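Structure record follows, encoded as structure tokens.
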Amino acid sequence: MSIEELPHTADVRRRIRAESREELFSLAAKAMFAVLYPGECDHHSEKTMRVDADEPEDLLWEFLSDLLYTSEVESFVVCETVVRFTESGLVATLRGEPFQREKHEGGREIKGVSLSGLAIRTTGDMMSCDIIFDI
Amino acid sequence: MQKEFSSVGRHEWDLPLGYIPDMRVSGRLFLSESLFGSLEEGAVRQLANVATLPGIIGHSFGMPDIHWGYGFPIGGVAAFSEEEGIISPGGVGFDINCGVRMITTPLNISDLGKMEDIIGRLYQQVPTGVGSKSAFRLSATALDDLLAHGASWAVSEGYGLPDDCIRCEEGGYMKEAVPENVSEKARKRGIPQCGTLGSGNHFLELQVVSEIRDQEAAATFGVQEGNVCCMIHCGSRGLGHQVCTDHLKTLEKATKKYGINLPDRQLSCAPLTSPEGESYFGAMAAAANYAWANRQIITHQVRTLFESAFGIAHTEMPLVYDVAHNVAKWEKHTVDGSERRVCVHRKGATRAFGPGRPELPAVYRKTGQPVIIPGSMGTASYLLAGTETAMEKTFGSTCHGAGRVSSRKEAKKTVRGAAVSAELKKQGIIVRAPSGDVIAEEAPEMYKSSDEVIRVVHEAGLSRIVARMMPLGVIKG
């Protein structure tokens, strides 16, 4: 499993590789939060989030977009997400802590998760996807 | 990439039909020979993708600061017919009405005292960076008024001067705004952030007018050589980002519903006359109004600080103009000899209306509108005027900045933030930002030469140079 930084002139582009769909989604969230909050993060509290969508790519996009929303509105820095898929989508457990300027500042705000080129690929035992975050 | 284009005028190039399948019009790019060296295939592909959209008129345009984005290229412009055209969030972006404004002051550099002090105070005064919240309290009811009336709401609440609204594109608000189309999620994001700068390439910069090229226009715009001015670059914050996210979902469904085939999902769209298209337009206009109010509140914060620091009145710091970079708007343009109402998408591009246009305030009707083009951190910014040529060639559009040339990954590999700050300090430019990485990513060498981009738009006639400004100090988010 890996998060690779790909070149993109205007924005941030990441290639996520994982051995399972659960891991792929968790890593995509980790990649996003590493851009937002590059400092340390401690697991002080836990939240649950539910997302529904029909297609796998739509689910990933909605999941990341909702995470972005939750993090901003609730001032919550997410260190780790554990994803469990359901019939209609997923349930995610978010572990993290409240945003503290002195600890978490210095990252880049993500304006949105682009649908451009968002596709989940399966090659052998590995799954991968490329994601563009607008910053 | 240059071999794919044919020259059709000075700095003007055509990307022919057939570059990709289903192009309805050709691409039209404004670029110098030297800028071709940094043109990315991804940006050209996106220029061609836009040319496949239903109802596009004329060409898919690329300005000389074009670079690879998502959906439209950054620096992309396209106009769509009222009858057959579409509206797409991919032609506006997540940061709806990200834009820039410029205020002048009667101060000279020597009046500012130690630059670190005033930049430090501005950094304290204007919230910047991830997680920043405004000291300004906005109620849910006030947000509705703000979404409907933009900058004029802020001025009516005491955060500005009456002339400020006249000196904004659209008078500081789009009358087509439909606040009810802005979701609860977007509102929750917007309430604590009005009066904040954000992060990334957003900035607040103090500059000095270093050169006047057009004395008459400069006098009309109120700029004098040697005067200190302030440029504010930011957008609609989380509220606008959420409006884009919300409507991408509905427009994806609409794309299928109306049988539109797209080369890129981010170009999801709907006919302008469809319920989905109208719903997005109303929400987008409301988010654009948020952005104008946001820049207005920040302007007030700057004026208040300058009043306290230097004893000058707010009225001595007039707004030159405020321009939008990321927006779709109804405009009237001459197409094939007749006037038509078209929806112009500008993504990383600036309106550059020429003399005589009724949309311009009376004070600028003779000169053409002020066009404000920020340079990269540490390089020159420009004040230009809109032209007749822009009206004829690009639906009244020009570039919006220097344009990135290197990715953020390359930036961090190539330079260190501390070294960039130290180098800029040697040149007399003070930078404040929450982290070194932000400074590295925005280093001047990561952008095209603003001088070259401006030379192209000036020589191609898309706008004409009025004044050049050099940076003194900048705060980044």
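Every value quoted in this text rests on a predicted model; they were computed, and no experiment measured them. First the proteins, then the strands, lettered A, B, ... as listed; each starts at 1.
Between B/H400 and B/H325, the angle of the ring planes goes over 60°, which puts this pair in the perpendicular group of the 30/60° scheme.
B/S236 does not touch chain A: none of its heavy atoms, backbone or side chain, sits under 4.5 Å away. Residue A/R101 touches chain B through its side chain alone, counting heavy-atom pairs closer than 4.5 Å. Contacts of A/V77 with chain B are absent, with no heavy-atom separation under 4.5 Å from either backbone or side chain. Heavy-atom distances place both the backbone and the side chain of A/S114 under 4.5 Å from chain B.
The main-chain N or O of A/D66 is found under 3.5 Å from a side-chain atom of A/T70 such that the two form a donor-acceptor pair. With hydrogens and angles disregarded, no donor-acceptor distance shorter than 3.5 Å links the side chain of A/S128 to the backbone of A/I16.
Between B/H233 and B/F203, the ring center distance clears the sub-6.0 Å criterion.
The greatest number of non-hydrogen atom pairs below 4.5 Å with chain A, out of B/Q193, B/K133, B/M446, is found for B/Q193. For the set A/E105, A/R13, A/E72, the count of heavy-atom pairs under 4.5 angstrom toward chain B peaks at A/E72. With respect to chain B, the highest number of heavy-atom pairs below 4.5 Å among A/G117, A/S116, A/G106 belongs to A/S116. Per-residue counts of heavy-atom pairs under 4.5 Å with chain A were compared for B/R237, B/H67, B/R189; the largest is that of B/R189. Of the listed residues (B/G69, B/G200, B/G235, B/G477), the greatest number of heavy-atom pairs within a distance under 4.5 Å of chain A belongs to B/G69.
Environment of NZ in B/K188: sparse, with no more than 12 heavy atoms of neighbouring residues, nucleotides or ligands closer than 6.0 Å. For A/R84, the CZ atom counts as loosely surrounded, since its 6.0 Å shell holds 12 or fewer non-hydrogen atoms of other residues, nucleotides or ligands.
Between B/C98 and B/C234, a gap of 2.5 Å or greater is found separating the two SG atoms.
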